[in-house]
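Here the structure comes first, spelled out in structure tokens, and everything after it is commentary.
As the structure lists them, so they are numbered: ligands from 1, and atoms in each ligand from 1.
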Amino acid sequence: MKTVLEINLQSLEYNFNKIKSLVKPTTKTMAVVKANGYGSDMIAVAKKLNKLGVDYFSVAYASEGVRLRNAGIKTPILVLIPQTGSFDEITSFNLEPSIYSFHFLSKFIAYAHEKNILDYPIHFKINSGLNRIGFKESDIEKAFQLVSNSDRLFIKSIYSHLSASEDLNEKEFTLHQIKSFKKAIKNILPKLNHKPILHMSNTSGIINYPESEFDMIRCGIGLYGFSNNLSISLKPVHKLLSTISLIIDVSKGESVGYNRAYVAKENTRVGIIPLGHADGISRSFNKGGYVIINEIKCDIIGNVCMDVIMVNLNKVDAVEGDQVVIFDEKNTAEDFAASVGTISYEVLTNLSSRIERKIIS
Ligand SMILES: *Cc1c(COP(=O)(O)O)cnc(C)c1O
């Protein structure tokens, strides 16, 4: 036994089909596979989604798109936050950059000019309220002119990103975002002689705001099995398992781990689990974190170490070699994350490359 992250491709398929069933049959699906497929296995996930007929992939950085291409993925790839240092990677691997700032735009046009590139597919990003990247309302006209006056670029899609689609208390804000995206495209579309793909919704947008569907959905966390809407049952794809390497008995008053962070209030059986912050279990799990052993929640005690966590076994009947569940379908990564006030996105994407992936197909 050792630490292993199982990636269940059947669950991925289930989620993909479930999400597709929520939108019109003609709506395209972009699978977001950035950050190694939300900490899973980007290549295995992308290959599976290709078989299922996904239309597009998106990644954050060009290097992630290069990984997909090197694995033989031929599907179009949108790079969400490309950097000006990545133009060679983008163009040699046929990746499609988001155009999200005047700086990036002018550099990319200059690059395309220098390399004699014409009609390079790009994705025009509109900032409709998230205030992260993209052109805000007052800049759209100018940015659009620069793009459309250049024969170097071809607008493959126009898109924006929702800021609070999972929070129904922010409904008014979200509807306003959708409205301002609609307004922007209404101004742009008549000036183009082709129809770019329009897209706006992430997972929660797909579920909560059908009016944000447009021509394509961008689905990330939902594919991996999470949504904050309990009426949509999805299946977690990630299952993180480990084992009890050894058990030590600590007497009342003795301390456990670095900086003596835990002092035993009673005689305590301590399980040593081969998984630490180098694997992506952050030190925020020092307080409130737990694992499941033989169906019982066991608290993480002391400080999370680089390679090991220690857990309190007093409530469980356990022996060395027993399986440890960090999260699975029942005790989900979302629950695990919530125990220390974070979210599944962070826990999953933290899972480091040191953890062996086992693909369940
Ligand atoms: C990460 C990301 C997504 C995916 O969001 P989920 O909530 O995981 O579905 C979609 N669009 C953009 C621009 C993103 O950065």
* Structure fact -> At under 4.0 Å between heavy atoms, what of H199 touches ligand 1? The answer is neither
* Structure fact -> re atom 4 (C) of ligand 1, the protein heavy-atom contact at minimum distance is Y38 OH, 3.3 Å
* Asked: If you group Ile, Leu, Val, Met, Phe, Trp and Tyr whenever their side-chain heavy atoms sit less than 4.5 Å apart, what else falls in with V270?
  -> L246, I248, V250, V256, Y262, I272, I301, V308, M310
* Between I221 and ligand 1, does any nitrogen or oxygen pair lie at a separation below 3.5 Å? -> yes
* **Taking atom 2 (C) of ligand 1 as the reference point, the nearest protein heavy atom with its distance** => K34 NZ, 2.6 Å
* To do: Compute the ring centroids of F144 and F135, then answer whether they are less than 6.0 Å apart.
  => no
* Structure fact -> Ranked by distance from atom 5 (O) of ligand 1, the top protein heavy atom is N202 CB, 3.5 Å
* Asked: Does the separation of the ring centres of H161 and Y100 fall below 6.0 angstrom?
  -> no
* Asked: Does any N or O atom in L80 lie less than 3.5 angstrom from one in ligand 1, N or O only?
  -> no
* **Taking atom 7 (O) of ligand 1 as the reference point, the nearest protein heavy atom with its distance** => Y345 OH, 2.6 Å
* What is the nearest protein non-hydrogen atom to atom 9 (O) of ligand 1, stated with its residue, atom name and distance? -> T203 OG1, 2.5 Å
* In the protein, which heavy atom is nearest to atom 11 (N) of ligand 1, and how far is it? -> R218 NE, 2.8 Å
* Asked: Which atoms form the tightest heavy-atom contact between I90 and Y120, and what is the distance?
  -> O-OH, 3.0 Å
* E137 atom CD, neighbour heavy-atom count above 12 within 6.0 Å -> no
* Residue R132 vicinity, atoms of ligand 1 by number, heavy atom under 4.0 Å -> 15 (O)
* Crowded around K195 NZ? As in, over 12 foreign heavy atoms under 6.0 Å? -> yes
* To do: Carefully, step by step, assess K191 and E141 under the rule salt bridge (charged side-chain N to carboxylate O under 4.0 Å, His left out).
  => CA-CA 11 Å; K191 297 175 191 144; E141 178 69 29; 3.3 Å; yes
